[in-house]
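The next block holds one structure in the form of structure tokens; read it before the comments.
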Amino acid sequence: MSSKAELSMLPHHDGSEIYLSSSAPKLGQRVIFKMRAGIDFPIEQVILRLYHDGEPRFFPMTKSVAGKEQWWKASVEIMNLKTPYRFLIVKGDRYSWLNAQGFHSNDVTSTHDFQLLATPEFPKWIRSSVFYQIFPDRFATTGKYQKLKPKNFVARDWNELPQGRDKTTGVEYFGGDLDGVADRLSHIQKLGANGIYFTPFFPAGSTHRYDASSFDEVDPLLGGNAALLRLLKKARPSGIHIMGDLTTNHCGQNHPWIKKALKSKTVKERTFFYWDKSVKHGYEGWWGLASLPKLNYNSKKLRDLMYEGKNSVVKKWLRKPFSLSGWRIDVGNMTGRYRGQDLNREVILGIRQAVDEINPNAWLLAENADHFPSDLDGFGWHGTMNYNGFMRPIWGWLKNNPQVDSGFFGVPVQVPNFSGAEMVAAMKEFSSTIPWRNFVSSMLLLDSHDTARFRNVVGDDAQRHLAGMGLLLTYTGPHTCYNGRYREQPLRE
């Protein structure tokens, strides 16, 4: 293309309603596909290339002009549940491609094609959501349940800081509870949030609660089921959505399932786990930890209890009286994967079916930290916590003498230095490998309970912090901020 073309607006398309007459068509429905470019961009012809039953088909597009832009469109009948497509742009004896990764003057494969899904829409409410992530033990307390503290939990004064990485890390107890959250809903609203994402609220052997000893009740330390119901009753009239956090990959070592399985080789719970005599504790644990027994979805009974059955864990908390607005699935990319076995796809689809059956308007979000694009194909998770395609690129671009002692999230090196162009390239690498619908349903965040705080990445540079927040609140996807500590004195009965 000429230098003049380089100064004009490059051809552009995305999966939004601006460029598609329907982003969730039914099979047999005709959809109008649109592409635009600057009026001066040299184009003689645009041809839409898409797949019907796995075979490429080509559809010439017609041109119109609007102001300083040229628009090209074609109407095509949708024949498959997923339609990969891209645009062929012709000028003389040269042609270029426009796909989800951008504009290319070289030939490309279908790896980065746009992807249209002929399935029901994902929950629309998440598109206008700002979530406040709350680690229940650390946000706010009424002090009402602290007398229930287990002996192995190490009590901290509310205004103390966590000690960091030592033997008490998982059992530091500050005493936050759900009634404390309910008392401060107006504070959360003033921050601009209209959703709360809780890290696990089930009983556990730790205060982070990723080692559940039950999936059937709210931890009494947080106020139990009654406190959650009080919170939900207060939140719903305020338009605040509340979602939970579920560990489908593992339970805790104090869960009745593993306790029964350790006592007898003949009980049904024995099939819920992977057994290995070479391991000291006899069973596979997440990252080898005895405290986190890995769940074995070869067991039909386990599938029934977790997501398939009428009263399964996934379904119970999405239906009345709780009616949570969705689930964040912990280590979703590891669930069902073990050595030579890979049941991940089956489990993902099963959980999605369970969610759709009980509440099609619930958000199904997975922690997919290393980003398997195949896990975000439109038919399983709605989205992921967008570390790879958002947080990490921004950290590398905005870092300023970072005080991060655990490395670059997911990579055992210090936070790298990225140029602005490299940041954008990383973002495109993420967004171009999945359907638009999954992209816009993936959680945006600058930090979380699993990462260093953004303040520790950018230091005391207010401009960098504001730049990060600006990107967080203007990029496409549901926005999330990690909670601070509510510092006033605990409320008392």
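Note that the structure is predicted; figures quoted are calculated from it, not measured.
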Would you verify whether the NZ or CZ of Arg337 falls within 45 degrees of the ring axis of Tyr297 while also being under 6.0 Å from that six-membered ring's centre?
no
List the residues meeting side-chain hydrogen bond (donor to acceptor under 3.5 Å, both in side chains) with Ser448, not counting sequence neighbours, and say none if there are none.
Tyr387
Got a sec, which residues hit side chain to side chain contact (heavy atoms under 4.5 Å, CB included) with Asn296, two or more places apart in sequence or on another chain?
Tyr274, Asn298, Gln341
Would you kindly say whether Tyr210 and Asp245 are connected by a side-chain donor-acceptor distance under 3.5 Å?
yes
In the structure I gave you, are the side-chain heavy atoms of Leu221 and Arg209 within less than 4.5 Å of one another anywhere?
yes
Pick out which of Asp177, Asp179, Asp219 makes a side-chain hydrogen bond (donor to acceptor under 3.5 Å, both in side chains) with Tyr145.
Asp179
Centres of the Phe322 and Trp317 rings: under 6.0 Å?
yes
Partners of Thr271 by side-chain hydrogen bond (donor to acceptor under 3.5 Å, both in side chains), sequence neighbours excluded?
Ser299
What residue among Tyr482, Tyr197, Phe139 forms ring-ring contact (aromatic ring centres under 6.0 Å, His included) with Tyr132?
Phe139
Is the closest side-chain donor-acceptor distance between Lys428 and Gln101 under 3.5 Å?
no
So ring-ring contact (aromatic ring centres under 6.0 Å, His included) across residues 222-252, not counting sequence neighbours, yields Trp125-His241, His250-Trp286
Answer yes or no: does atom CD of Gln353 have more than 12 heavy-atom neighbours from other residues, nucleotides or ligands under 6.0 Å?
no
Is it the case that the side chains of Ser442 and Thr384 hold a donor-acceptor pair, with the cut-off being a distance below 3.5 Å and no angle test?
no
Checking Lys399 now: which residues fulfil side-chain hydrogen bond (donor to acceptor under 3.5 Å, both in side chains) with it, not counting sequence neighbours?
none
Residues which pass salt bridge (charged side-chain N to carboxylate O under 4.0 Å, His left out) with Lys124, listed by chain and number, not counting sequence neighbours:
Glu121
Would you say that more than 12 heavy atoms from the other residues, nucleotides or ligands in this model lie under 6.0 Å from the CD of Gln163, or not?
yes
Thr247 and Asn249: side chain donor to acceptor below 3.5 Å
no
Using only atom types and a distance under 3.5 Å, with no angle test, would you say the side chain of Asn438 pairs donor to acceptor with the backbone of Gly378?
yes
